[in-house]
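Everything on this sheet refers to the single structure shown next.
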Protein chains: 2
Amino acid sequence: MSRAANPRAAEQLSAAVWDVLAHQGLEHLTIRAVAAAAGCTTGLVMHRFPNRRALLRHARELLHERTRLRVEALEEAAGSPREALRAVLAQGLASTEAGTLESVVWIGFLAATVGDPELLELHRINTRAWRRRILRLVAATAPSWSADQVSTAALVLMGMAEGAAALASADPETYSPELQEAALDRTLTALGLS
Amino acid sequence: MSRAANPRAAEQLSAAVWDVLAHQGLEHLTIRAVAAAAGCTTGLVMHRFPNRRALLRHARELLHERTRLRVEALEEAAGSPREALRAVLAQGLASTEAGTLESVVWIGFLAATVGDPELLELHRINTRAWRRRILRLVAATAPSWSADQVSTAALVLMGMAEGAAALASADPETYSPELQEAALDRTLTALGLS
DNA sequence: CCGTTACCGTAACATCCGTTACGTGACCAT
DNA sequence: ATGGTCACGTAACGGATGTTACGGTAACGG
């Protein structure tokens with residue numbers, strides 16, 4: 001019938017988007033830069049996606065899906081809701097090279113939501129799903145808590161993890177991996193979740 | 001001698017940078033957009049700053065200075081280190097319209113540090129000064145704590161405040177002002193700082 | 001009142017951007 | 001083998017961008 005397409009092209013282009021976002025920043029996230037990072041030309045990019053924003057949206061969705069899968073595996077491997085909560089939050093820290101890069105990418109996508117309603121909607125949908133996971137794990141770890149207590153503790157944990165990752169990704173010398181993990185453990189202990 | 005210059009031009013241009021960053025995003029932060037927001041032309045912008053990045057740096061420094069002054073006033077008005085700590089952290093939340101916009105601007109500038117070493121250096125210097133303030137207030141509130149305990153608690157508080165503000169600024173319906181303040185108070189109480 | 005100064009606007013420049021049009025050659029069905 | 005078809009590269013286009021050059025004119029000293 002026709003020439004066979006590369007089935008992983010969209011995936012590789014998304015990885016290229018993450019790479020450019022992490023190493024060059026949102027301001028240099030151009031079609032040409034993405035194509036260069038993916039080792040192809042702008043022709044392929046525009047053949048797979050109708051426009052630049054659709055490329056960003058696909059890369060955003062795929063990143064959300066990847067972290068969701070990783071987190072589900074962590075949760076499944078954990079022996080208890082308490083252990084799952086800790087593992088799920090720890091994977092979002094900038095305590096590894098990969099975690100640092102992912103945090104930079106996260107900030108880039110968040111900055112890109114300003115002025116892009118569809119990207120903002122994607123952020124909200126996926127972050128709300130993430131929040132429901134934390135709510136569920138907190139409620140399972142502290143069954144006696146009220147809904148308000150669970151909700152408040154979840155925001156403390158989510159905010160602390162995302163905030164510490166953002167701070168550490170921009171200044172890894174000041175916020176070592178050990179310090180970040182200590183802060184997470186301190187938060188969990190102080191809240192009575194460890 | 002010569003025609004008098006507008007002494008507040010640099011200040012007004014910085015405010016225009018914040019405005020564009022908050023309402024249009026980093027991707028649309030162009031010289032022309034800033035000039036339009038400031039009600040002038042690109043000629044004035046380039047007359048006051050040698051290039052675009054110098055404009056961004058000045059706007060960044062001025063924003064840091066403004067928040068520093070505001071925070072110093074809050075600290076002075078507070079009756080105790082404990083009250084000062086709470087007030088200083090609360091002003092960074094996205095619990096008001098102004099706080100939400102400032103959080104969006106903060107994220108925009110953070111995303112702009114990728115690939116701009118001078119902007120990154122500015123971020124580090126000023127965020128480290130901010131951290132020293134929190135360290136001092138935590139140490140004053142809990143004099144018996146070790147340096148490690150103070151350092152860990154400071155990261156918990158900074159991360160929680162910045163992270164909650166980032167989350168809330170992108171989804172204010174999910175994270176109400178009351179929820180954010182409750183999360184801050186819960187963190188302070190859980191750590192034994194209230 | 002007037003000449004000088006430089007603030008600021010206007011307009012152009014080269015470059016880069018997203019997007020489109022078209023060519024080509026690899027692969028599949030026949 | 002071979003013809004057709006689509007994946008992908010090449011290259012161009014209009015528009016936007018950062019930056020530069022230049023002109024007018026408001027404001028100050030005299």
Side-chain angles (χ1 to χ4, degrees), chain A residues 1-21 23-60 108-109 111-119, chain B residues 1-21 23-60 108-109 111-119:
Chain A
M1 195 65 158
S2 74
R3 181 178 169 187
N6 177 6
R8 308 207 317 154
E11 176 185 354
Q12 291 167 349
L13 288 175
S14 293
V17 169
W18 307 335
D19 187 82
V20 173
L21 223 33
H23 293 109
Q24 301 180 244
L26 180 59
E27 290 172 296
H28 299 105
L29 184 63
T30 68
I31 306 256
R32 284 168 176 83
V34 170
C40 67
T41 65
T42 64
L44 173 58
V45 180
M46 300 309 293
H47 182 72
R48 300 313 257 259
F49 298 96
N51 51 49
R52 176 179 174 273
R53 307 222 66 88
L55 167 66
L56 293 203
R57 276 180 230 124
H58 185 269
R60 178 53 152 164
F109 273 124
T113 62
V114 183
D116 185 333
E118 294 195 43
L119 216 49
Chain B
M1 195 64 160
S2 74
R3 181 177 169 186
N6 178 3
R8 309 208 314 156
E11 177 185 353
Q12 290 168 351
L13 288 174
S14 293
V17 169
W18 307 336
D19 187 81
V20 173
L21 222 34
H23 294 108
Q24 301 180 244
L26 180 59
E27 290 172 295
H28 300 105
L29 184 62
T30 68
I31 306 257
R32 283 168 178 80
V34 170
C40 66
T41 64
T42 64
L44 173 58
V45 180
M46 300 309 293
H47 182 73
R48 299 314 256 260
F49 297 97
N51 51 49
R52 176 179 175 272
R53 307 224 66 87
L55 167 66
L56 293 204
R57 276 179 228 125
H58 186 270
R60 178 54 152 165
F109 273 125
T113 62
V114 182
D116 185 334
E118 295 195 43
L119 217 49

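In what follows, chains carry the letters A, B, and so on, assigned in the order in which the sequence lines appear, proteins first and then strands, with residues in each chain numbered from 1.
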In whole Å, what is the span from the CE atom of B:M46 to the C1' atom of C:dT10? 15 Å
Taking side-chain hydrogen bond (donor to acceptor under 3.5 Å, both in side chains) as the definition, give me every residue that meets it alongside A:N6, ordered by chain and number, with sequence neighbours left out. A:Q12
With A:R52, which residues qualify under side-chain hydrogen bond (donor to acceptor under 3.5 Å, both in side chains), at least two apart? B:E27
Of A:R32 and A:G39, whose nearest nucleotide on DNA chain D comes first from the 5' end? A:G39
Quick one: ring-ring contact (aromatic ring centres under 6.0 Å, His included) pairs with a partner in residues 31-55 of chain B, sequence neighbours left out? B:F49-B:H58
Quick check on contacts: within residues 47-54 of chain A, what sits under 4.0 Å from DNA chain C by heavy-atom distance? A:N51, A:R52
To the nearest Å, give me how far apart CG (B:L44) and P (D:dA26) are. 16 Å
Per nearest nucleotide of DNA chain D, the residue lying toward the 5' end, B:H28 or A:A4, is A:A4
Is any side-chain nitrogen or oxygen of B:T41 closer than 4.0 Å to OP1 or OP2 of C:dT10? no
Rounded to the nearest Å, what distance is computed from the CG atom of residue B:N6 to the C1' atom of nucleotide D:dA26? 14 Å
Minimum side-chain heavy-atom gap B:L29-B:V34 below 4.5 Å: yes
By side chain to side chain contact (heavy atoms under 4.5 Å, CB included) - contacts of B:A37 (at least two apart): B:A16, B:D19, B:V20
Spacing of B:I31 atom CD1 relative to D:dT20 atom P, expressed in whole Å: 10 Å
side-chain hydrogen bond (donor to acceptor under 3.5 Å, both in side chains) filter on A:Q24, not counting sequence neighbours, yields none
Under a 3.5 Å cut-off for both contacts, is D:dG30 paired Watson-Crick or G-U wobble with anything, and if yes, with which nucleotide? C:dC1
